[in-house]
Structure formats: structure tokens, C-alpha cells
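Only one structure is covered here, and it is reproduced in the block below.
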Amino acid sequence: MNITLRPNNLDAFWMPYTANRSFKASPRLLARAEGVFYYTPEGREVLDGTAGLWCVNAGHGRREIAEAIKAQADVMDFAPTFQMGHPIAFEAAARLAEFTPDGLDRIFFTNSGSESADTALKIALAYHRARGEGQRVRLVGRERGYHGCGFGGMSVGGIVANRRQFGAQLPFVDHLPHTHLPEKNRFARGEPEHGAHLADALEDLVKLHGDTIAAVIVEPVAGSTGVLVPPKGYLRRLRELCTRHGILLIFDEVITGFSRLGAGFAAEHFGVLPDIITMAKGLTNAAVPMGAVAVTREVYETVLEGSPGGIEFFHGYTYSGHPLAAAAAIASIRIHQEEDLAGRVRDLAPYWQEAAHSLRGAPFVTDIRDCGLIAGVELEPVKDRPTERGMRVLQRCFDDGLLVRVTGDIVALSPPLTIERRHVDRIFDTLDRALRKEAA
Ligand code: PMP
């Protein structure tokens with residue numbers, strides 16, 4: 001549909017995570033998308049350096065996905081999955097179970113990453129109660145983690161600004177330290193050397209709280225807070241500690257899932273298997289909203305067997321397994337498999353890494369981090385005015401035909417996995433130009 005913007009019709013939409021007043025004073029609009037490009041309403045081409053919001057992993061405008069959604073809409077728009085079922089939701093779960101790491105093959109559908117995080121936390125609580133360990137109610141997140149904006153995800157999340165405005169949080173939550181050690185790991189390529197010991201903070205929490213911890217939730221690579229790549233050995237250590245102390249380990253793979261790091265999921269890339277994986281975004285290539293939680297058979301069966309009969313898990317969304325989303329997920333998973341997007345990432349990642357690190361020495365660049373097809377370029381903030389430089393660089397890039405995402409003064413890049421080397425060059429050349437203009 002071609003909608004033209006009427007004067008004043010910016011008013012009604014209360015935009016999420018956006019400075020509404022300054023945005024509406026000078027909006028940046030995207031009206032069309034194809035392949036690795038967006039187009040503004042005036043038809044100006046903008047290279048998508050962020051796969052939308054880390055989500056359009058297979059590139060924009062995939063006909064296979066659009067046709068699958070249309071075909072399903074023609075057959076059946078909606079049917080409940082409470083006390084009823086429809087074939088395509090079961091089919092989507094089965095296909096997804098084949099795509100998730102071996103051992104995590106029971107799937108709960110949600111509509112977003114936020115819902116996936118809250119669902120995973122509730123599964124963890126239900127699991128322990130089912131095992132007669134109802135005292136395990138504490139949830140552990142990590143500083144600088146992002147798990148969406150539901151109450152659970154917000155509380156275990158480690159972004160203070162996202163909590164400050166609201167005051168009330170979930171009780172019984174602790175945070176591990178984040179893994180960003182700039183003094184030791186600055187300009188590290190891939191996984192940094194130093195910091196595996198930071199996982200040991202979990203041991204301290206166990207000493208403090210005994211057997212009351214239910215779960216630890218972390219992003220394998222923290223995305224939204226500026227691409228924080230786990231130090232070598234860190235995730236393995238976290239896994240060992242969780243196993244030793246009877247704590248469930250949840251990987252939030254909303255960003256790292258769906259081939260982004262060069263494997264279906266980060267769990268496979270890092271060779272560390274959690275008990276629960278949350279996902280969203282790339283699941284449907286973002287064509288329609290959908291999220292999911294994959295759990296081990298042991299977790300699933302424990303929750304089911306712990307229930308005396310009837311409903312085993314008092315949780316679910318009207319749109320869990322929505323037919324149109326299920327159709328999109330099946331088509332999207334097929335693209336990942338048939339086009340071997342993970343293999344593509346593995347091939348391109350060295351070139352991507354080299355290109356990203358070529359910005360070392362560009363004005364204001366204080367650190368560069370990368371993993372798979374993600375990169376974070378950290379900039380020196382304007383004194384006493386954090387985020388100002390980041391937003392100015394975003395605007396300069398946009399004016400110069402590149403979409404980047406900034407989080408504070410860190411530029412985050414996560415293009416569609418279908419990009420080619422010439423697009424990689426264009427991303428970092430444009431960013432370099434923006435930084436030089438910023439310095440001029
Ligand atoms: N977890 C992670 C790791 C994310 O990056 C995000 C979104 N950027 C979410 C959860 C929340 O997802 P959603 O916005 O779909 O609720």
C-alpha cells in the first residue's frame with residue numbers, strides 16, 4: 001500500500017524508544033524495501049546496515065515469505081491454539097525444532113522477543129516448582145543485557161535507563177557483571193581474550209542465596225547495548241556453574257539466532273548448550289511478528305509431569321502460533337536452510353571483520369567489536385552530552401544513504417545476511433565519511 005504522509009499526521013503515533021519531539025520535528029522515513037536496501041518516500045536509496053532492527057536476516061521483500069503469508073490468509077486467517085489446534089502451527093514448531101540446536105526441540109510460540117523472555121522466565125519458575133523446588137524463585141540477568149520491555153525482561157535486563165522511569169520491578173532479581181572490559185580487550189577481533197572469570201560472579205550469588213536461584217538469562221552476544229562479545233570461555237563457565245548448582249541457563253537469541261553469527265544459533269557457534277533459547281526477529285524474517293521459546297525435552301516433560309492433570313502451563317497468547325506468522329516462519333526457516341545463510345556468514349565474516357576494524361584510527365573511534373555479521377563501533381561521546389555524537393552520526397549516515405543503529409554513542413551494525421562485499425565496503429566507507437565530517 002502506498003500511503004503518503006499528510007501534514008500533521010505524525011502526531012498520533014507515540015513512537016517506541018524514540019525522542020518523539022525531535023523526531024517529529026525532522027522525521028526520517030522509510031517507505032519501501034527490497035533486498036538490502038530501503039527507499040525513502042522520495043525514492044532515495046538507503047543501504048540497510050541494520051537488517052531493520054537486527055531482524056530481516058534474509059533480506060527484504062522475500063517473495064517466498066510474502067506468498068506463504070498470502071496463501072495462508074486465503075485459507076484461514078486465524079484459529080485459536082487454546083484448546084484447539086491448526087496444522088500450520090504444529091508444522092512451524094516441527095520445522096523450527098529441526099532448525100534449533102539438537103536437544104532443544106519443544107517450542108512455545110509468542111509474538112515478540114519481550115514475550116519470549118517473559119515466557120522463558122515463567123517456564124523456569126514452573127520447572128522448579130514441578131520438581132518440588134518451589135523455593136527457586138530468584139532470576140539472574142546481567143548488566144547491559146536487554147530482554148525486551150515486559151516486566152520480566154525489563155527487570156532482568158541490565159539497562160538502568162529502561163527501568164528508572166518505572167520504579168517498581170520484579171523482586172528477587174540479581175545481575176551478573178557485564179563482560180565489557182575495554183582496558184583489556186579494546187579492538188579485540190571476535191571473542192576477546194580476557195574476562196571468562198566474570199562468570200564466577202554466579203558462584204558468589206549462590207553463596208549468598210543458596211538454592212533459591214531459578215535461572216540465569218544472558219544474550220550470548222549483547223546486541224542492544226553495543227555488541228558486547230563474550231570473552232573466550234565465559235559462556236562455557238556459566239554453563240558449568242548453572243549445571244553444578246541446578247540453575248537453568250537461558251540464552252536470549254533474539255538477535256544472535258537465525259544464522260547471524262554463522263550458525264543457526266549462537267549456542268552452536270559457541271558450542272554451549274543452554275536449557276532454554278528465546279528468539280523472535282529472524283524467525284519470520286520480521287515479515288509478521290512472531291517469537292518462540294525452545295526448551296529441552298527434559299524441561300518440557302518436567303513441567304507437564306509436574307502437573308496433576310488438565311492445563312500444565314498457565315500461560316499463552318491469543319496469537320501463539322498465529323497461522324500467518326507460522327506460514328512466514330516456515331518459509332523463512334526454509335530460506336535459511338536452502339540458501340545456507342549461516343555458511344554465507346562464515347564466508348563473509350573475515351571480510352566483514354577486516355572492514356570493521358579498518359575504522360580503527362578514524363575520528364572519535366575508541367573501540368571496535370565484531371562477531372559473525374555484527375559489529376559495534378564505539379565513539380568518544382561529546383563531553384557531558386552522551387548520545388549527541390551517536391545521533392549526529394546516525395543522521396549523517398542516513399543523509400549519505402546508510403541506515404545504522406546507535407545505542408548511546410555506539411554505532412551498531414547488523415546487515416541482512418544476503419549482503420555482498422561491495423555493500424560491506426559501502427557501509428564502512430559511509431561511516432568513515434560521517435566520522436570525518438563530524439571531526440571537520
Ligand atoms: N531480547 C533481545 C536480545 C533483543 O535484542 C530484543 C529486541 N531488540 C528483545 C529481546 C525484545 O524483542 P521485541 O522488541 O520483539 O519485544
Side-chain angles (χ1 to χ4, degrees), residues 15-18 48-57 108-124 139 141-159 161-163 175-176 178-180 215-230 235 249-261 265-267 269-270 274 276-294 317 319-320 322 325 328-329 332 369 371-376 403-408 410 412-415:
M15 297 173 68
Y17 282 128
T18 294
D48 183 2
T50 59
L53 259 182
W54 326 77
C55 48
V56 189
N57 291 11
F108 197 99
F109 281 123
T110 70
N111 306 288
S112 66
S114 300
E115 290 179 358
S116 295
D118 283 20
T119 298
L121 297 171
K122 288 174 73 176
I123 288 174
L139 302 169
R142 192 169 62 187
E143 293 167 358
R144 297 186 69 169
Y146 184 67
H147 305 291
C149 50
F151 263 97
M154 168 180 69
S155 302
V156 294
I159 304 178
N162 288 356
R163 297 199 300 253
H175 293 89
L176 299 172
H178 63 72
T179 61
H180 184 45
V216 171
I217 180 167
V218 294
E219 299 161 84
V221 175
S224 299
T225 56
V227 185
L228 310 181
V229 184
L235 292 173
L249 179 60
I250 305 169
F251 278 178
D252 181 335
E253 294 230 32
V254 167
I255 283 179
T256 54
F258 294 93
S259 311
R260 172 64 55 194
L261 304 184
F265 287 85
H269 175 78
F270 293 113
I276 300 178
I277 290 179
T278 68
M279 67 196 83
K281 297 190 190 273
L283 170 57
T284 56
N285 208 36
V288 282
M290 184 180 231
V293 181
Y317 304 97
Y319 299 138
S320 286
H322 190 288
S332 165
R369 303 179 282 273
C371 189
L373 279 197
I374 314 186
L403 179 64
V404 302
R405 172 148 176 75
V406 295
T407 152
I410 305 170
L413 296 160
S414 62

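Atoms within a ligand are numbered from 1 in the order they appear, just like the ligands themselves. When reading the values below, keep in mind they use all heavy atoms of this one structure, side chains included, and skip hydrogens, waters and symmetry mates. Numbering of residues begins at 1 and proceeds along the displayed sequence.
Residues S114 and C149 come closest through the heavy atom pair OG-N, 3.0 Å. Across S112 and A280, no two heavy atoms sit closer than the pair C-CB, 3.7 Å. Contact record, T225 with L228: OG1-CD1, 3.8 Å, taken as the closest heavy-atom pair. Closest of all the heavy-atom pairs between G223 and I255 is CA-CD1, 3.9 Å.
Some N or O of S114 is nearer than 3.5 Å to an N or O of ligand 1, by distance alone. In terms of polar-atom proximity, defined here as any N/O pair under 3.5 Å, H147 makes no such contact with ligand 1. Considering backbone and side-chain atoms together, G113 places an N or O closer than 3.5 Å to an N or O of ligand 1.
Regarding atom 2 (C) of ligand 1, its nearest protein heavy-atom neighbour is Y146 O, 3.4 Å.
Under 3.5 Å, the side chains of S116 and T110 contain a donor-acceptor pair of N or O atoms.
Near I255, meaning under 4.0 Å from any of its heavy atoms, are these atoms of ligand 1: 5 (O). Taking a cut-off of under 4.0 Å to the non-hydrogen atoms of S224, the atoms of ligand 1 that pass are 5 (O), 8 (N). Every atom of ligand 1 is numbered from 1 in the order shown, and the set under 4.0 Å from a heavy atom of E219 is 3 (C).
Residue-level proximity to ligand 1 for S112 is carried by backbone and side chain together, each with a heavy atom below 4.0 angstrom. In K281, the part holding a heavy atom less than 4.0 Å from any atom of ligand 1 is the side chain.
When the heavy atoms of D252, D118, T225 are ranked by distance to atom 1 (N) of ligand 1, first place goes to D252.
Here the CZ-NE2 distance, from R142 to H147, works out to 7.5 Å after rounding to the nearest 0.5 Å.
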* To do: Dump the intermediate steps for side chain to side chain contact (heavy atoms under 4.5 Å, CB included) on F270 and C371, then the final yes or no.
  => CA-CA 11 Å; F270 293 113; C371 189; 4.1 Å; yes
